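Remember, predicted model here, so these are calculated numbers, not experimental data.
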Amino acid sequence: MSWLPLSFGAPMVLWGLLALPVIWWLLRLTPPKPQTEIFPPLKILARVLKREETPQQSPWWLTLLRLLMAALIVAALADPVFNPREKLPAEGAALALVIDNDWASAADWGKRVATAERLINDAGSNGVPVVIAFTAEKANAEIGPFDAAAALDRLRAAKPRPIPTDRPAVYARVAGVLETLPGASVAVLADGLAAKGDEAAFNTLLSKNAARVVWATADRLSLTGLTTSDNQVDGFALTAIRAPGDPAPAQVTAGAFDDKGRRIADATLTFSPGETTATGTMAVPFELRNDFASITLDGERQAGAVRVLDESSKRRRVGLLSQAEADQAQPLLSPLYYIRRALQPFADLVEPSSADLADAIPQILDQKPAMIIMADIGTIPAQVRQRLVDWVDNGGTLVRFAGSRLAAAGNDEDLLPVRLRTGERSLGGALSWTSPQPVTEFPKAGPFADLAPPTEVTVSRQVLAEPTPDIVERTWAALADGTPLVTGLKKGKGTLVLFHVTPEATWSNLPISGSFVEMLRRIVQLSRNQGAAIANAEAAATSLAPYRMIAADGSLVPPTPDARPLVPGAGALPVTFENPPGLYGSETGVFAHNLLEADSTLAPLVRPQITVPVTSIQYAFDESRNLKGALVAAALVLMLLDTLAVFWMGGLFSRRPRRAGAVATTAAVLIALGALFGHADLARADDAKPGDEVAIEAISKTRIAYVLTGVPGDDSISRAGLEGLTRFLVEKTALEPGEPAGVDISKDELSFYPLIYWPIDPAAPMPSQAAIARIDAYMQQGGTVLFDTRDQFANGIGADSTSPATERLRDILGNLNVPPLEPVPSDHVLTKSFFILPEFPGRFAGSPLWVEASLEASNAENRPVRTGDGVSPIMITANDFAGAWAVDENGDPLLPTVPADPMQRIYALRAGVNIMMYMLTGNYKSDQVHVPILLERLGQ
């Protein structure tokens, strides 16, 4: 029942308002309590003589107050709702709720959740099960059916993902569930963005027992995304896209940020009326452009409006040197002509004003280039040679091309990657037995590994390298006869590169091929990292760890536990649940993996042809308000006023001294009412100290602790891992530990915990000296710290280890009193404390578990375990124990083991049980060997 913006859930209760006249009549016949008077009798007689009457009815205002209170109670029982919403169709055998939670849904995710909540609540009121599926989640995510409460829990736990939807796969799974639920209602909460395979996906979903459809979409597709960002000669060019169909012009502002999050440049991109593409340029110096780490569209809170940048987006200054004069009549014969044409699109070229190398080289070096190209330059002047050598050692990239001058100049150990033979080699001439040689496959270890060899390129002349044992390692490109075409060498922090042909098309047609441009581009990319980053050749076959991810709202966040290493290769890489957009690699070099490609478009989703009844709704928050609570509260207030009025009419508020008892009664009533509506916790505010409660809770059960590193991903995995180990301990042993505790080693009490798990992360802040001193005291007082570097595939803990995690562990241990360590021996108590274990794997297998060395441990005859006193105060592993133990709320593993062996996780959990038994019982297994001797003596 609804009247304009007000409706009632139980309108029949409103018939109770007809009882108000009866209530009024009863109240009028009920006089109030007579006012009592205490002697003096003369005053009473005076009143009696003046007026002798007895009240026969309540005052009108008190009657009105009570009638209003009764009306409020009747209205409250009718369940009134202000601004009621229309009840959505959530009937039938089930409600199938399919929700897009991709990047396009991030901007108005709250409205989508509110809409889905209304559908689930309506289904719950009808007793209908709910199938709920999200199109941007794991392929094996549970979809139900659930009851309404469980469906709401899953809805509130879901969040938008910075990836595209996978409607075909998800809709097929929902359709499979609907085959067993005939006559179900299907609610499609789409993001409004069309995707590949939509038509087939909707046909699959709606052809399986769908009785009715609820179609929910946004008012309009108002997304804007960044598709390209190109560092050009005159500025940083940007391209943005929007959905078609908008006839109005629009402007968006893009901001460029450095790696510290500071905004350093802006650009305005303008959409013409009806256009879907806008371009703009950030016209700033290239030095400032090279500091760009990301570009974001203002006002767009979604991942498509953000582009992260890697080294390929940065321009470098390249110096060009040649001793040959440019021929204006024949520019194609200039040594630098093809080099300029190849480098100009992606580098800033500088040339000296003087042809004298003694002046030209300092002029180039003063402009701080990342790379210098020398076209057939022989001997370097002595006065500038050392400065050029120092520039290379400090990170510069020197690229040299052969020619008659270089062939005659002889060898230069500091400025050439290989030793050269004197003179030139001619191929295919009249006096030569050989023909011009083609280029063979590029070596896999070089920067050109992922390029196809140019089949059309041949070489007729070259300078030859002396055959040395390391010539193969230094060869980046070779001819079919095995002689080098391009050689390279790391020297200090820089790189030396030599093309064994001239830069013009006289010795070879390589300079006029497309491969020449790509080869120079790769060398420029290598110079940008000063030779320290991963080369593209390695990137084609090496997995890059997640470094910084783009969240669904466009912010840069640490990697999530679901992110997996990325394997770059040729062509565009898809954005998936395991490989979300962001930066992959490490601090030394990153690879940008963005959501939108250059050819991406934002096409609106078209509702398919649906033969069953359809209800179209829009995303919106629930603006209806239930008035029942407010009306009940108003009735209670009126009841309080009625009580006070009765007290007043009875004379309890008289100010006479002899009415002290009445005043006390009134005060007691007010205090009671205050206690009813207020809080009564003040009386025990100081009964216990907060520190005592924490201590009692900590020691009431055995609890395993983990160090709070400040890195959210590490802390969540540590807690999930210790929860998984706790479950396993409860299942397999008599020990029932409490919940794992996260501790701040700088201030929390550590003595409550027998074992503290410490994951080492080089990204976490280094603990203070005071915190390390507290850890040292904890270890000396009987506690044990389990350090986990989680880098088994990078290194161990030996002297040759160089991983960042191990370096950080060394820094921490350098301030602790660490005893001598050894890998767990085969006869150590840890191998037999509960399970019989030959090794201690985690998520990784292969790294030993290091414990305190038993320096005087010698086994007596027939003793099953090594002798020793006490428990090791320190344990070190690189196998990532917490990653193997970590489980979700359903008990399913969060992270895969490496290798993917199900038994490895079981062995990891058994290792955790042995460690806990060892911590709690010490070397009792070692002491058990004395039992036969003691029994024998007792028998004697």
Side-chain angles (χ1 to χ4, degrees), residues 2 5 7 81-92 94-126 128-137 141 143-161 165 167 170-171 174 178 184-195 198 201-202 205-206 210-223 301-302 552-553 604-608 610 612-626:
S2 177
S7 70
V81 178
F82 179 76
N83 196 14
R85 62 177 178 84
E86 181 183 1
K87 193 170 185 179
L88 300 176
E91 303 170 349
L95 170 65
L97 201 60
V98 286
I99 305 173
D100 288 343
N101 64 323
D102 61 327
W103 65 273
S105 65
D108 58 349
W109 179 248
K111 288 184 178 181
R112 299 169 190 266
V113 171
T115 305
E117 283 181 348
R118 295 199 297 273
L119 286 164
I120 295 174
N121 289 330
D122 291 345
S125 63
N126 296 329
V128 173
V130 179
V131 177
I132 182 169
F134 299 92
T135 59
E137 289 294 336
I143 63 174
F146 308 103
D147 58 26
L152 283 174
D153 290 340
R154 290 185 173 269
L155 173 65
R156 290 161 183 166
K159 60 183 179 180
R161 303 286 186 179
T165 60
R167 293 193 184 110
V170 176
Y171 285 11
V174 176
L178 292 182
S185 297
V186 177
V188 179
L189 276 65
D191 60 4
L193 197 63
D198 281 349
F202 283 112
L205 174 66
L206 301 179
R212 59 188 60 81
V213 174
V214 177
W215 183 268
T217 57
D219 297 338
R220 56 187 294 268
L221 188 59
S222 58
L223 296 174
R301 297 183 64 255
Q302 36 88 6
D553 62 356
L605 178 65
V606 178
R607 194 176 80 180
I610 303 174
V612 297
V614 180
T615 301
S616 296
I617 62 174
Q618 292 183 347
Y619 296 122
F621 291 104
D622 189 359
E623 297 180 355
S624 61
R625 296 292 180 266
N626 194 313

Would you mind reporting whether L223 and W103 have side-chain heavy atoms less than 4.5 Å apart? yes
State which residues pass side chain to side chain contact (heavy atoms under 4.5 Å, CB included) with D153; sequence neighbours excluded, sorted by chain then number. none
For A195, check side chain to side chain contact (heavy atoms under 4.5 Å, CB included) against everything at least two apart and list the hits. T165, R167, D198
Partner residues of A116 under the side chain to side chain contact (heavy atoms under 4.5 Å, CB included) criterion, sequence neighbours left out: L97, I99, L155, L189
OG1 (T217) and CG (L193) are apart, to the nearest 0.5 Å, by 13.0 Å
Please list, chain by chain and in numerical order, all residues satisfying salt bridge (Lys or Arg N to Asp or Glu O under 4.0 Å) with R156, sequence neighbours excluded. E117
Heavy atoms only: give me the nearest P145-P129 pair and the separation to one decimal. CB-CB, 4.1 Å
Just distance, no hydrogens or angles: give the donor-acceptor pairs under 3.5 Å from side chains in residues 130-137, sequence neighbours left out.
from: T135; atom 1: OG1; to: D100; atom 2: OD1; distance (Å): 2.8
from: E137; atom 1: OE1; to: R161; atom 2: NH2; distance (Å): 3.2
from: E137; atom 1: OE2; to: N101; atom 2: ND2; distance (Å): 2.9
from: E137; atom 1: OE2; to: R161; atom 2: NE; distance (Å): 3.1

Residues that Y171 engages under ring pair (Phe, Tyr, Trp, His ring centres under 6.0 Å), provided they are two or more places apart: F202
Mind checking what makes side-chain hydrogen bond (donor to acceptor under 3.5 Å, both in side chains) contact with D102, not counting sequence neighbours? none
Sorted by chain and residue number, the salt bridge (Lys or Arg N to Asp or Glu O under 4.0 Å) partners of D108 (sequence neighbours excluded) come out as R112
Can you confirm whether V170 sits close enough to L205 that some side-chain heavy atom of one is under 4.5 Å from a side-chain heavy atom of the other? no
Any idea which heavy atoms bring A94 and V128 closest together, and the distance? CA-CG1, 3.2 Å
Going by heavy atoms in the side chains, are L178 and V186 under 4.5 Å from each other? yes
Over all heavy atoms of both residues, which pair between F146 and R154 is shortest? Give the atoms and the distance, please. CZ-NE, 3.1 Å
Restricting to non-hydrogen atoms, name the atom on A552 and the atom on P160 that form the minimum distance, rounded to 0.1 Å. CB-O, 3.3 Å
